[in-house]
Amino acid sequence: MHHSQINSDVRKLIADGTVLPAHPLALTAERQLDKKHQRALTRYYIDAGSGGLAVGVHTTQFAIRDVGLYRPVLELAAETAANWTRRPLAMVAGLAGPTSQATVEARTARDIGYHAGLLSLAAMKSASEDEIIAHCTAIAAEIPLVGFYLQPAVGGVILSSRFWQRFAAIDNVIAIKIAPFNRYRTLDVLRGVAAAGALDRVALYTGNDDHILLDLMLPFDLRDNGITTRTYFKGGLLGHWSVWTASAIKQFERCKAARHKEAVPADLLALDARVTDCNSAFFDVANNFHGCIAGCHEVLRRQGLMQGLWCLDPNEGLSPGQKEEIDRVYREHADLGDDAFVASNLGKWLA
């Protein structure tokens, strides 16, 4: 599947930039798929105004592959979305593992109707950049790709600007999620895409949960042989946006409106720090992100969108002190939540 085969409205949506929440996994106390709450989550993201969904990604738990849930979870999200709305949605499937596994996953996602694959390179840690490029090229032959620069703290591979230049030159790459949580490495990706002459074709999406709003509103000037090219992040594909999503979409729209202007409102700039403070609790920064999935689950549990915090791995849960940090964020940043929106719609989402 080539990107030219994507529905034109969806292709424009991705290219222009949108909000793509990384879809969590709702489980029962027996750690079985909770279809009722899984559907409710999909409906929540759609009604909040998301431009699409990323399913089978880190926030969905990579372990779904080990328990036979990869296809069922992707199918459930796609079917729920198609039955809930007629507006265009960009459906992105997480792809992982060595080339043989990622190829099968790409074909599975494509056959279900997903438009693109977010390619994790965590399984390629011991590979050379040449080998990783060959891997990416093989997967791009199956489905349009969204690159993924994942932070090393949760399994990512450190990659050079030259790598990203070569990756962006792959014809079927349509976007890159930049999530190294590191400004130097973020610039490496931007410089690489610019060097490939691909800024018009490859949409830049932030995954930097430590600077979400700044990424979305600020210009980035890239210099090459005395020539300046100015570029912007177009959208976000974020685990952080799996919670308080209705509020996040309003923030995204404010950031988009601030782009290309001579001055950005100070209050909007300052909001970046407050969102980062929320993320520090949800993602369990104090414990090197150990409770990042459970932290998001805790917010959704409080809202009634999940029954509990259960992860496929029984060892995954809230870290000591994380619940208290989430309590603090609820007190100090209550205006950034969307509890009222969820409460007013929860009944129909669970129906």
Side-chain angles (χ1 to χ4, degrees), residues 2-4 6 8 10-20 51 90 92 116 118-119 121 129-130 132-133 136-137 140 144-151 156-238 251-266 268-269 272:
H2 188 259
H3 63 76
S4 60
I6 299 175
S8 59
V10 173
R11 185 68 185 91
K12 186 176 187 304
L13 185 65
I14 296 170
D16 290 349
T18 190
V19 169
L20 296 173
V92 178
L118 178 71
L119 184 59
L121 300 177
E129 289 195 352
D130 286 345
I132 298 175
I133 287 295
C136 296
T137 302
L145 283 191
V146 178
F148 187 9
Y149 199 176
L150 176 66
Q151 61 158 327
V157 182
I158 297 174
L159 298 160
S160 68
S161 181
R162 172 62 179 157
F163 169 84
W164 291 109
Q165 179 180 350
R166 296 172 69 190
F167 179 81
I170 298 172
D171 174 63
N172 214 20
V173 169
I174 60 171
I176 299 174
K177 171 181 173 171
I178 304 173
F181 288 29
N182 181 297
R183 306 317 282 170
Y184 303 111
R185 292 171 187 157
T186 294
L187 290 172
D188 281 343
V189 184
L190 270 60
R191 289 192 302 109
V193 177
L199 285 171
D200 290 339
R201 175 174 57 82
V202 177
L204 303 175
Y205 275 67
T206 184
N208 286 321
D209 301 80
D210 59 342
H211 272 305
I212 297 171
L213 299 194
L214 285 183
D215 273 359
L216 290 171
M217 73 179 90
L218 295 183
F220 290 82
D221 280 354
L222 309 171
R223 300 276 289 176
D224 183 41
N225 293 321
I227 298 173
T228 300
T229 300
R230 177 164 290 185
T231 193
Y232 291 83
F233 278 88
K234 295 296 183 67
L237 196 168
L238 294 146
Q251 295 164 15
F252 172 71
E253 294 300 333
R254 289 180 66 190
C255 290
K256 281 186 69 175
R259 292 177 197 163
H260 308 290
K261 293 188 176 178
E262 289 298 317
V264 176
L268 184 55
L269 290 169
D272 176 78

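Since this is a predicted model, take the numbers as computed values, not measurements.
For Asp16 (side chain) and Lys234 (main-chain N/O), no donor-acceptor pair under 3.5 Å exists by modelled atom type. Arg185 places no side-chain N or O within 3.5 Å of a backbone atom of Ile178 that could act as its donor or acceptor partner. Within the 3.5 Å criterion, the main-chain N or O of Val173 finds a donor-acceptor partner in the side chain of Arg201. Judged by distance alone, with hydrogens and angles left aside, the side-chain atoms of Thr18 form no donor-acceptor pair with the main-chain N or O of Ile14 at under 3.5 Å. No donor-acceptor distance shorter than 3.5 angstrom exists from the side chain of Arg191 to the backbone of Asp224, with no hydrogens or angles considered.
Residue Glu253 holds its CD atom at 5.5 Å from NZ of Lys256, rounded to the nearest 0.5 Å. Distance CG/Leu150 to CG/Leu119: 11.5 Å, rounded to 0.5 Å. Taking NE2 of His211 as the start and CG of Leu216 as the end, the distance is 12.5 Å to the nearest 0.5 Å.
Pairing each heavy atom of Leu269 with each of Leu214, the nearest pair is CD2-CD2, 3.8 Å. Heavy-atom minimum distance, Arg223 versus Gly226: NH1-O, 3.5 Å. Here the closest non-hydrogen pair linking His3 and Asn172 is N-OD1, 2.8 Å. The shortest non-hydrogen separation linking Phe220 to Leu187 is CD2-CD2, 4.1 Å. The shortest heavy-atom contact between Phe163 and Cys136 is CZ-SG, 4.5 Å. Residue Gly235 comes nearest to Phe252 through the heavy atom pair CA-CE1, 3.8 Å, listed as atom of the first residue, atom of the second, then distance.
Just one residue in the list Leu204, Asp200, Val193, Asp221 forms a side chain to side chain contact (heavy atoms under 4.5 Å, CB included) with Thr231, and that residue is Leu204.
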**Pair Ile176-Phe167, side-chain contact (heavy atoms from CB on, under 4.5 Å): steps then yes or no** = CA-CA 10 Å; Ile176 299 174; Phe167 179 81; 3.9 Å; yes
**Request:** Take Leu121 and Phe148 through the test side-chain contact (heavy atoms from CB on, under 4.5 Å) and record every step on the way to the result.
**Result:** CA-CA 7 Å; Leu121 300 177; Phe148 187 9; over 6 Å; no
**Message:** Let's go through Tyr205 and Val92 carefully: what are the C-alpha distance in whole Å and the side-chain angles of both, what is the deciding distance for side-chain contact (heavy atoms from CB on, under 4.5 Å) to 0.1 Å, and is it a yes or a no?
**Reply:** CA-CA 13 Å; Tyr205 275 67; Val92 178; over 6 Å; no
